[in-house]
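Data first, discussion second: the structure below is written as structure tokens.
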Amino acid sequence: MTAVLHIVGGGMAGSEAAWQAAQMGVDVIIHEMRPKVGTFAHKTGNLAEMVCSNSFRSDDSEQNAVGLLHWEMRAAGGLIMSAADAHRLPAGGALAVDRDIFAQSVTARLMAHPRVTVSYEEITTLPEAGSWIVATGPLTSAGLGAAIQAETGREALAFFDAIAPIVYFDSIDMSKAWMQSRYDKGETEQERTAYLNCPMDKAQYEAFIDALLAAEKTEFHDGETAGYFDGCLPIEVMAERGRETPRHGPMKPVGLTNPHQPEIKAHAVVQLRRDNALGTLYNIVGFQTKMKYGAQTEVLRMIPGLEDAIFARLGGIHRNTFLNSPRLLDDRMRLKSRPNIRFAGQITGVEGYVESAAMGLLAGRMVAAELLGQSIAPPSPMTATGALITHITGGADAKTFQPMNVNFGLFPPVEGMKGGRRGRKDRYKAYTDRAKEHWHAWLGQTALDAA
């Protein structure tokens, strides 16, 4: 009887895990509760639906750890990166996608795969038998969350991800705003003009910060805490940490020249990034928020150029649940108390679309190898994927474990390379060169069976 891999959750990690396992010759069933059981953040029943940003961040595989992760997933025949490349939008040095077409593409390719079946149902227990990957992400349902809690005997940690607002392009005043990527970064004119910029002088910035601080915010429910992940702080929380914090974060004015007033240096700049292929929607970069809807429209329309903005979607906030993976998972992503169950994606304590998909890629390959009678070790920590899995399954301190993006700080040092800011370019290139060599070696352990 042919062994079947069951995957709970059809997000980035679940979709990638299914593709990798199926390509290796394993039959897969994806159990996805949407659209029968919805979440407040998802709008469709598509697999790999993007609910926050539409960006996969930097695509530089020589100087950026995220870009290196992109490279590793492409080299492994990854579905998520293939779909992203097919439906990318201009975004300077970043990889951004048309979110709706991207998700439709991932869904279509999985549905068409002869070894993949999608079952639309909610799983609320941890199965005793069979091979399973749980990839339910930050919006794990209450029933399954309770089952995980009961099995682990420890409470899941939680923080809040905030969603940035999206504006209709034709409601933006382009006599005040302009198109430019920071430092004109990009290979083409489209890339060099991928961001829409709204400048503020000092008085406008101070008034905006006052309004942010005074705005009515979403209240947390009883028993919830507000331990935000620093990479996704709500804009008003940044302001609470210091009035200048946003100006040194998403509102920094560097690398930009306002063509309407080229002789005047902006005190702060709000950037918007194209959100769909048509260019009709733009999301406000770094403006995740927990302001209530009425307050959002009032405060955001204080931004020069957005005085008459019409919002396709206002910002929101949601609970993000993740495992204490260093304590609960082994180095092959298996639940120590139930080795037939693996976890993958954001629920393991990685942060970001790419990181989540990479953990799905890894889990899918590992379980497929087992089902095919093979055994493969985790990739070297000198690779981006290996650095992440090493961190979440033992490299991090279980007592202080928090979600982590991939970064070069997770990589073992390169011998003979200088530290500090001056040596970064050579050091990062050494990291990525070394990683690519080790990643090719790891891929050689499992050959894809082109199904």
With side chain to side chain contact (heavy atoms under 4.5 Å, CB included) as the test, would you mind laying out the steps for Lys436 and Glu62 before giving the verdict? CA-CA 10 Å; Lys436 291 171 183 178; Glu62 294 189 350; 4.2 Å; yes
With sequence neighbours left out, which residue pairs that include part of residues 373-386 fulfil the salt bridge (Lys or Arg N to Asp or Glu O under 4.0 Å) condition? none
Could you check whether atom OH of Tyr168 has more than 12 heavy atoms from other residues, nucleotides or ligands sitting under 6.0 Å from it? no
With sequence neighbours excluded, tell me which residues meet salt bridge (charged side-chain N to carboxylate O under 4.0 Å, His left out) with Asp330. Arg334
Ring pair (Phe, Tyr, Trp, His ring centres under 6.0 Å) against Phe56, all qualifying residues, sequence neighbours excluded: Phe102, Tyr353
Restricting to ring pair (Phe, Tyr, Trp, His ring centres under 6.0 Å), what partner residues turn up for Tyr428, sequence neighbours left out? Phe408
Going by salt bridge (charged side-chain N to carboxylate O under 4.0 Å, His left out), name the residues that satisfy it together with Arg34, two or more places apart in sequence or in a different chain. Glu32, Glu49
Residues which pass salt bridge (charged side-chain N to carboxylate O under 4.0 Å, His left out) with Arg273, listed by chain and number, not counting sequence neighbours: none
Is the number of heavy atoms from other residues, nucleotides or ligands under 6.0 Å of Lys185 NZ greater than 12? no
Quick one: ring pair (Phe, Tyr, Trp, His ring centres under 6.0 Å) partners of His6, sequence neighbours excluded? His31, Trp132
Determine which pairs satisfy salt bridge (Lys or Arg N to Asp or Glu O under 4.0 Å) with at least one residue from residues 372-387, sequence neighbours left out, and list them in order. none
How would you list all residue pairs meeting salt bridge (Lys or Arg N to Asp or Glu O under 4.0 Å) that involve residues 73-90, not counting sequence neighbours? Asp59-Arg74, Asp59-Arg88, Arg74-Asp85, Asp85-Arg88
State, to 0.1 Å, how close Thr385 and Leu362 come at their nearest heavy-atom pair, and which atoms those are. CG2-CD2, 4.1 Å
Evaluate the side-chain proximity of Ile392 to Met404: yes if any heavy-atom separation is below 4.5 Å, no if none is. no
Not counting sequence neighbours, which residues clear salt bridge (charged side-chain N to carboxylate O under 4.0 Å, His left out) with Arg109? List them please. none
Can you pull out every salt bridge (Lys or Arg N to Asp or Glu O under 4.0 Å) where at least one residue sits in residues 64-73? Sequence neighbours excluded, please. none
Any heavy-atom pair between the side chains of Asn54 and Asp98 that's under 4.5 Å? no
Shortest non-hydrogen pair, Leu329 vs Lys336, comes out as O-CE, 3.2 Å
Pairs flagged by ring pair (Phe, Tyr, Trp, His ring centres under 6.0 Å) wherever residues 376-396 is involved - sequence neighbours left out: none
Grab the two heavy atoms, one from Arg338 and one from Leu126, that are nearest each other, plus how far apart they are. NH1-O, 2.5 Å
